[in-house]
**Q** 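This is the structure I have questions about; it appears just below.
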Amino acid sequence: MLGGSLSCKTANINGTLLSLLGKCKSMLELKKLHAIGIAFGLSHEDSFIYKILSFSALSNSGDIDYSYRVFSQLSSPTIFSWNTIIRGYSNSKNPIHSLFIFLKMLRHGVAPDYLTYPFLVKASARLSKQESGVSVHAHIVKTGHESDRFIQNSLIHMYASCGNIMWAHKVFDSMQGKNLVSWNSMLDGYAKCGEMASAQKVFESMQERDVRSWSSLIDGYVKAGEYREAMAIFEKMRAVGPKANEVTMVSVLSACAHLGALEKGRMMHKYVVDNCLPMTMVLQTSLVDMYAKCGAIEEALFVFRGVSKSQTDVFIWNAMIGGLATHGLVEESLKLFKEMQMFGIRSDEITYLCLLAACAHGGQVKEAWYFFESLVKCGMTPTSEHYACMVDVLARAGQLTTAYQFICQMPIEPTTSILGALFSGCINHRNLDLAETVGRKLIELDPNNDGRYIGLSNVYAVVKRWDDAKSMREAMERRGVKKSPGFSFVEISGILHRFIAHDKTHPDSDETYSMLYFVVCQMKHGCRQDNQEENLLNDTSIEDDLILF
DNA sequence: ATTGATGAAC
């Protein structure tokens, strides 16, 4: 009788705690409720433990490691508890832990069920670890779960994420009753691998398309560098497709950024606001990046300043620091770096790359050395890009010998970007002997890059070694290296204009070229517009410059 | 209780 009344009281407390846990918002609250539960002897009550596990493993404000500590104290966890932990880790920063827990589970003699596998496959996908994905797949076959639609969909995605489109397709083809997720996973797989013709085909054969189908296609075009196509698909989506969401807009903004399409970018920003799309951190980063890349650094700063700094991550700081750096606002970018440290945001390799780029733009050699050294001091390993940036700093500043020595004592083999930076420096500072050595090495390393032959040929042309210049062009032709024309875009009143080097087909071509001469002339002499052509014709050094740049 | 998407530097 007495036991009965006690357990009745516990049941009441349990009920109250369960409903409070349902409204829980933070780990702090959860821990308080957990403590109360333990005090009232509920630490072995299944429903109570499940709530604790699920919140800490799955909610956005959760803490999977806390969840795991609670889990470890259970003497014989149910399959639900195992799955919760595996699921939590599959979404975490360390998806590999899902696989460790899976092993533990097998050793405990607990059989995974149809819900365990999608999480394990997802963990492998997020790790891009095909080997582990295949092991999990083998378990799936062995335990007879091969025809589960959720499992098949996650397998398609996993193989596609690992770059194995063939196997993704095999699973897809074997499926009975494909649904939208199956089609989207296949489409996204092709888009991620840059096989846009196939992605487009899948997209067109789909019976039904949702916002993810459209977003995957747009993002595929963006990743493939086909920004105009991406924008065209977005316009089509606006006309006949579902409403875009914040993920779609991230890809679209990236396309605008690469095109330098400021007006379009502003319109996309307006689209986000007008449609009340959630202003996520990722979206804000894309906006900052878009404005910075389109030359609207003030607007980039405006968006950046509007972000509540308590929620920032390293991405948005890097975008802003990098944006300021490319705008030549070196002081500001270094100041922002200090601010970032004040907010306790840990800088990473990319931050240092941005800082080194800033130094390259501002000619700050001393600061560059400082950053390069602190990168190493912070326990990071400089990548070839860091070396390339450092060489760029030295080469731009004319310290060609130092740059050369720096390259010689690197622990890695010089890449083409490292030597390319030195090569440009040699040309800019007219060290044509070193330019020749480096240029020849570059061609040896990268015989299919047309720019290297042309660059070296131009060097010979400047020193009037016409035969050598010619032989460079011939070597290029002999090896079948295709000349890819340089081009750029400029956006005027929302219309994108493309300029190809030496192309004169644009209706305003004459005017453009006369402006170009004017600008070059001004840079050279600060001369006035009325005698520009005369000046230009009389000055052969301008021709040298036009050849070299 | 399950599956599918997005950001920074070159």
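Protein chains get the first letters and strands the later ones, always in sequence-line order, with residue 1 at the start of each.
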**Q** Regarding A:Met320, tell me which of base, sugar-phosphate or nothing describes its non-hydrogen contacts under 4.0 Å with the strands shown.
**A** nothing

**Q** Extract, from 5' to 3' on DNA chain B, the first and final nucleotides lying under 4.0 angstrom from some heavy atom of chain A.
**A** B:dA1 to B:dC10

**Q** Does the ring of A:Phe203 carry A:Arg209 above it, NZ/CZ under 6.0 angstrom from centre and within 45° of its axis?
**A** yes

**Q** With heavy atoms under 4.0 Å as the rule, sort A:Asn179 into base, sugar-phosphate or nothing.
**A** nothing

**Q** Partners of A:Glu299 by salt bridge (Lys or Arg N to Asp or Glu O under 4.0 Å), sequence neighbours excluded?
**A** A:Arg266

**Q** Using a heavy-atom cut-off of 4.0 Å across all strands, would you classify A:Asp392 as base, sugar-phosphate, or nothing?
**A** nothing

**Q** So what does A:Phe119 touch, heavy atoms closer than 4.0 Å: a base, only the sugar-phosphate, or nothing?
**A** sugar-phosphate

**Q** By the 4.0 Å heavy-atom rule, please label A:Ser417 as base, sugar-phosphate, or nothing.
**A** nothing

**Q** Base, sugar-phosphate alone, or nothing: which one does A:Leu187 contact when heavy atoms must sit under 4.0 Å apart?
**A** nothing

**Q** Determine whether a donor-acceptor pair (N or O, by modelled atom type, separation under 3.5 Å) exists between the side chain of A:Ser59 and the backbone of A:Ser56.
**A** no

**Q** By the 4.0 Å heavy-atom rule, please label A:Asp148 as base, sugar-phosphate, or nothing.
**A** nothing

**Q** Mind running a 4.0 Å heavy-atom check of residues 340-348 of chain A against DNA chain B and sending the residues that fall below it, in number order?
**A** A:Asp348

**Q** Output all residues satisfying salt bridge (Lys or Arg N to Asp or Glu O under 4.0 Å) with A:Glu146, sequence neighbours left out; order by chain, then residue number.
**A** none

**Q** Under 3.5 Å, which donor-acceptor pairs link side chains of residues 117-128 of chain A to any protein atom two or more places apart or in another chain?
**A**
| unit_1 | atom_1 | unit_2 | atom_2 | d |
| --- | --- | --- | --- | --- |
| A:Tyr117 | OH | A:Thr143 | OG1 | 3.2 |
| A:Lys122 | NZ | A:Asn91 | OD1 | 2.9 |
| A:Ser124 | OG | A:Leu120 | O | 3.1 |
| A:Ser124 | OG | A:Ser132 | OG | 3.2 |
| A:Arg126 | NH1 | A:Ser90 | O | 2.8 |
| A:Arg126 | NH1 | A:Asn91 | O | 3.2 |
| A:Arg126 | NH1 | A:Ser92 | O | 2.8 |
| A:Arg126 | NH2 | A:Ser92 | O | 3.1 |

**Q** With heavy atoms under 4.0 Å as the rule, sort A:Tyr352 into base, sugar-phosphate or nothing.
**A** nothing

**Q** So what does A:Asp289 hit on the nucleic acid, given a heavy-atom distance under 4.0 Å: a base, only sugar-phosphate, or nothing?
**A** sugar-phosphate

**Q** Keeping A:Asp188 on the side-chain end and A:Asn184 on the backbone end, is there a donor-acceptor pair under 3.5 Å?
**A** no

**Q** How would you list all residue pairs meeting side-chain hydrogen bond (donor to acceptor under 3.5 Å, both in side chains) that involve residues 279-290 of chain A, not counting sequence neighbours?
**A** A:Asp289-A:Lys293

**Q** When you measure from the side chain of A:Asn94 to the backbone of A:Ile96, do you find a donor-acceptor pair of N or O atoms at a distance under 3.5 Å?
**A** no

**Q** What are the two closest non-hydrogen atoms of A:Ile85 and A:Ile64, and how far apart are they?
**A** O-CD1, 3.9 Å

